[in-house]
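I have placed the structure first, in the form of structure tokens, so that the comments after it can refer back to it.
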Amino acid sequence: MNKRIYLCLAHMSGKEQQFIQEAFDTNWVVPLGPNVNGFEEDLKQFVNARTGAGNLNREIVALSAGTAAIHLALIACGVQAGDEVICQSFTFCASANPVTYVGATPVFIDSEKDSWNMDPALLEQAILDRKNKTGKYPKAIIPVALYGMPYRIEEIMAIADKYGIPVIEDAAEGMGSRWKGQVLGTFGQFGVLSFNGNKMITTSGGGALICKNAEAKNKIMWLATQAREAYPYYQHEAIGFNYRLSNICAGIGRGQMTILDEHINHHKRIAKLYKDAFANIDGITFHDAPSADYDSNFWLCTVLLDEKLRIKGEENAYAEAINGAVGGAAGVVHSGGSVHTDCEPNRNVEAMRLFLDKAGIESRPLWKPMHKQPVFKNSPAYINGISEDMFKRGLCLPSGPMVTDDDIKFIIQQIKDAIL
């Protein structure tokens with residue numbers, strides 16, 4: 001097999017060029033315009049539809065990134081320097097980094113074993129302990145739909161309402177995932193979506209914030225466009241940001257919305273193929289939805305390797321330090337200079353990653369928990385050991401719209417061939 005199989009790459013509908021060309025033809029090459037408005041309306045229609053219930057009435061603001069959406073949501077929730085914000089530990093750093101942008105401190109919550117997402121019991125324990133230690137409750141809660149799997153939102157919302165704390169749902173990986181028929185991101189005060197190049201749909205880069213009502217949307221729009229006051233000149237009474245999505249990128253998004261459901265269905269099909277195959281392979285466990293309440297988009301399909309499972313090449317798993325970006329990692333990375341850290345995937349997991357890489361298959365470890373990241377070493381954390389255990393045993397497998405049934409057969413065969 002000559003081609004390389006990536007985790008999740010964008011797939012175009014064929015209609016993106018039409019919307020982009022219209023933007024050029026009408027000279028709307030700015031961070032506003034018909035494509036932005038149209039994309040927001042398409043998103044609004046999608047997130048407000050519920051299975052077996054009346055439609056919602058959430059509003060959408062298209063932004064330059066999901067990270068920007070979290071940042072603005074925190075500001076809108078009144079989070080300031082010196083405050084604390086409850087964050088999920090088992091996630092990508094973009095869920096927690098914006099907390100530091102406003103001068104607040106992230107408080108990390110470990111996972112429960114079924115969904116791998118924020119543990120509601122630890123959440124309430126942390127809220128009470130922070131109140132006891134600091135004299136005030138955390139100012140927001142940010143649960144994450146890890147790899148598209150829904151969080152236990154009903155329990156999280158009940159706890160949040162009990163203590164009067166707003167919830168900012170990070171559904172960046174969960175575009176189209178649902179809890180009991182309702183789209184993630186529509187339960188809390190705000191919901192965050194991402195359209196990065198590896199997400200369910202892409203605008204090449206970009207994101208959106210789901211707002212409860214028009215008033216909240218207007219505040220976010222104001223903050224995202226440099227917080228300008230109503231004068232015939234530029235008057236600013238608050239700090240604003242340049243966070244709106246460009247009309248060109250929004251044109252890509254409008255084309256992508258025409259195939260969103262197709263993408264979700266494809267990811268679910270890939271998940272079933274993996275699930276069925278791994279049911280017959282000892283030592284490998286596919287992470288499936290815990291119950292029918294969890295309607296995951298399976299953005300990335302993940303597996304756990306038993307510690308006793310032996311993989312070819314384990315003796316060379318950590319033979320040398322990595323000096324560049326791994327797989328499809330983008331941007332500039334620092335050379336770590338060392339082979340090991342204090343929390344890393346087991347040898348058999350790294351050996352499997354290397355074996356698949358040589359076969360032209362991209363795979364990656366799960367997200368390293370935030371409470372184990374050196375940059376957050378001084379942040380409070382409420383830990384039960386679940387996320388660290390998953391990180392040490394887990395691997396992400398190709399799941400995107402460019403992955404075919406034949407690709408899955410090849411991947412499964414290579415995984416079998418890697419086992420001693």
[X] side chain to [Y] backbone, donor-acceptor under 3.5 Å:
{"X": "Asn297", "Y": "Glu173", "answer": "yes"}
{"X": "Asp417", "Y": "Gln414", "answer": "no"}
{"X": "Glu169", "Y": "Gly191", "answer": "no"}
{"X": "Ser13", "Y": "Gly255", "answer": "yes"}
{"X": "Ser177", "Y": "Leu184", "answer": "no"}
{"X": "Asn35", "Y": "Asn247", "answer": "yes"}
{"X": "Gln189", "Y": "Pro166", "answer": "no"}
{"X": "Asn213", "Y": "Ala216", "answer": "yes"}

Scan residues 104-129 for pairs that pass ring pair (Phe, Tyr, Trp, His ring centres under 6.0 Å), counting only residues two or more places apart or in two chains.
->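 Non-adjacent pairs meeting ring pair (Phe, Tyr, Trp, His ring centres under 6.0 Å): Phe108-Phe376, Trp116-His287.
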Determine, step by step, whether Lys392 and Leu366 satisfy the side-chain contact (heavy atoms from CB on, under 4.5 Å) criterion, reporting the C-alpha distance in whole Å, the side-chain angles of both residues, the deciding distance to 0.1 Å, and the verdict.
-> CA-CA 8 Å; Lys392 291 175 181 178; Leu366 305 183; over 6 Å; no
Do other residues, nucleotides or ligands put more than 12 heavy atoms under 6.0 Å from the [atom1] atom of [X]?
{"X": "Leu420", "atom1": "CG", "answer": "yes"}
{"X": "Gln235", "atom1": "CD", "answer": "yes"}
{"X": "Glu315", "atom1": "CD", "answer": "yes"}
{"X": "Met157", "atom1": "CE", "answer": "yes"}

Is it true that [X] and [Y] have a side-chain N and a carboxylate O under 4.0 angstrom from each other?
{"X": "Asp342", "Y": "Lys372", "value": "yes"}
{"X": "Asp405", "Y": "Lys409", "value": "no"}
{"X": "Arg310", "Y": "Glu314", "value": "yes"}
{"X": "Arg347", "Y": "Glu350", "value": "no"}

Side chain to side chain donor-acceptor pair (under 3.5 Å) assessment of Gln88 paired with Trp367 | CA-CA 12 Å; Gln88 186 164 309; Trp367 299 125; over 6 Å; no
Are side-chain N/O atoms of Glu229 and Tyr234 paired as donor and acceptor at under 3.5 Å?
->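 Checked: Glu229/Tyr234 side chains show no N/O donor-acceptor pair below 3.5 Å.
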For Thr100 and Asn97, does a side-chain donor sit closer than 3.5 Å to a side-chain acceptor?
->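 No, because no side-chain N or O of Thr100 sits under 3.5 Å from a partner of the opposite role on Asn97.
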Between atom [atom1] of [X] and atom [atom2] of [Y], what is the distance when rounded to the nearest 0.5 Å?
{"X": "Ser204", "Y": "Glu16", "atom1": "OG", "atom2": "CD", "value": "11.0 Å"}
{"X": "Phe278", "Y": "Asp276", "atom1": "CZ", "atom2": "CG", "value": "11.0 Å"}
{"X": "Arg244", "Y": "Gln226", "atom1": "CZ", "atom2": "CD", "value": "13.0 Å"}
{"X": "Leu354", "Y": "Lys312", "atom1": "CG", "atom2": "NZ", "value": "14.5 Å"}

Which is it for Glu59 and Lys44 under the salt bridge (Lys or Arg N to Asp or Glu O under 4.0 Å) test, yes or no, and what are the steps along the way?
-> CA-CA 6 Å; Glu59 298 286 344; Lys44 179 178 176 179; 3.1 Å; yes
Taking the six-membered ring of Phe92 (Phe, Tyr or Trp), confirm whether the NZ or CZ of Arg364 is under 6.0 Å from its centre and within 45° of its axis.
->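 Checked: cation-pi criterion not met.
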Geometric cation-pi criterion, Arg4 with Tyr6: 6.0 Å, 45° |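 Judged by the rule, Arg4 and Tyr6 form a cation-pi pair.
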Would you please test Phe190 and Lys212 for side-chain contact (heavy atoms from CB on, under 4.5 Å) and show each step?
-> CA-CA 7 Å; Phe190 293 100; Lys212 276 243 175 181; over 6 Å; no
Would you please name every residue forming a salt bridge (Lys or Arg N to Asp or Glu O under 4.0 Å) with Lys275, sequence neighbours left out?
->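 Checked Lys275 against salt bridge (Lys or Arg N to Asp or Glu O under 4.0 Å); matches are Asp288.
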Applying salt bridge (Lys or Arg N to Asp or Glu O under 4.0 Å), name anything that partners Glu112, two or more places apart in sequence or on another chain.
->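 Salt bridge (Lys or Arg N to Asp or Glu O under 4.0 Å) list for Glu112, sorted by chain: Arg152.
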Apply side chain to side chain donor-acceptor pair (under 3.5 Å) to His371 and Glu388, showing your working.
-> CA-CA 9 Å; His371 71 271; Glu388 289 180 49; 2.9 Å; yes
Without placing hydrogens or testing angles, list every side-chain donor-acceptor pair under 3.5 Å for residues 68-75, not counting sequence neighbours.
from, atom 1, to, atom 2, distance (Å)
His71, ND1, Tyr243, OH, 2.9

Output all residues satisfying side-chain contact (heavy atoms from CB on, under 4.5 Å) with Lys358, sequence neighbours left out; order by chain, then residue number.
->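 By the side-chain contact (heavy atoms from CB on, under 4.5 Å) rule, Lys358 matches no residue at all.
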Work out which heavy atom in [X] is nearest to a heavy atom in [Y]; give both atom names and the distance.
{"X": "Cys8", "Y": "Leu300", "result": "CB-CD2, 4.2 Å"}
{"X": "Asp83", "Y": "Gly78", "result": "OD2-O, 3.8 Å"}
{"X": "Gly400", "Y": "His266", "result": "O-NE2, 3.2 Å"}

Less than 4.5 Å apart, side chain to side chain, heavy atoms only: is that true for [X] and [Y]?
{"X": "Ile419", "Y": "Leu309", "result": "yes"}
{"X": "Ile415", "Y": "Leu397", "result": "yes"}
{"X": "Val85", "Y": "Val99", "result": "yes"}
{"X": "Val183", "Y": "Arg58", "result": "no"}
{"X": "Ser89", "Y": "Met370", "result": "yes"}

List the steps and the verdict of side-chain contact (heavy atoms from CB on, under 4.5 Å) for Ile165 and Ile159.
-> CA-CA 8 Å; Ile165 304 173; Ile159 293 167; over 6 Å; no
Chi angles and distances behind the side-chain contact (heavy atoms from CB on, under 4.5 Å) call for Thr91, Asn117 | CA-CA 9 Å; Thr91 180; Asn117 292 317; over 6 Å; no
Criterion side chain to side chain donor-acceptor pair (under 3.5 Å) on Asp110 and Ser387, from CA distance to verdict | CA-CA 6 Å; Asp110 216 330; Ser387 63; 2.7 Å; yes
Test of ring centre spacing under 6.0 Å for Tyr294 and Trp179 =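 Ring centroids of Tyr294 and Trp179 are less than 6.0 Å from each other.
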Apply side chain to side chain donor-acceptor pair (under 3.5 Å) to the pair Ser399 and His267, showing each step before the final yes or no.
-> CA-CA 6 Å; Ser399 312; His267 280 250; 5.5 Å; no
Solution key, residues 122-134 side-chain donor-acceptor pairs under 3.5 Å, sequence neighbours excluded:
from, atom 1, to, atom 2, distance (Å)
Glu124, OE2, Lys162, NZ, 2.9
Glu124, OE2, Tyr163, OH, 2.7
Asp129, OD1, Lys133, NZ, 2.9
Asp129, OD2, Lys133, NZ, 2.7
Asp129, OD2, Tyr382, OH, 2.5
Arg130, NE, Glu84, OE1, 2.9
Arg130, NE, Glu84, OE2, 3.4
Arg130, NH1, Tyr382, OH, 3.2
Arg130, NH2, Glu84, OE2, 2.8
Thr134, OG1, Arg130, O, 2.7
Thr134, OG1, Lys136, N, 3.3
Thr134, OG1, Lys136, O, 3.0

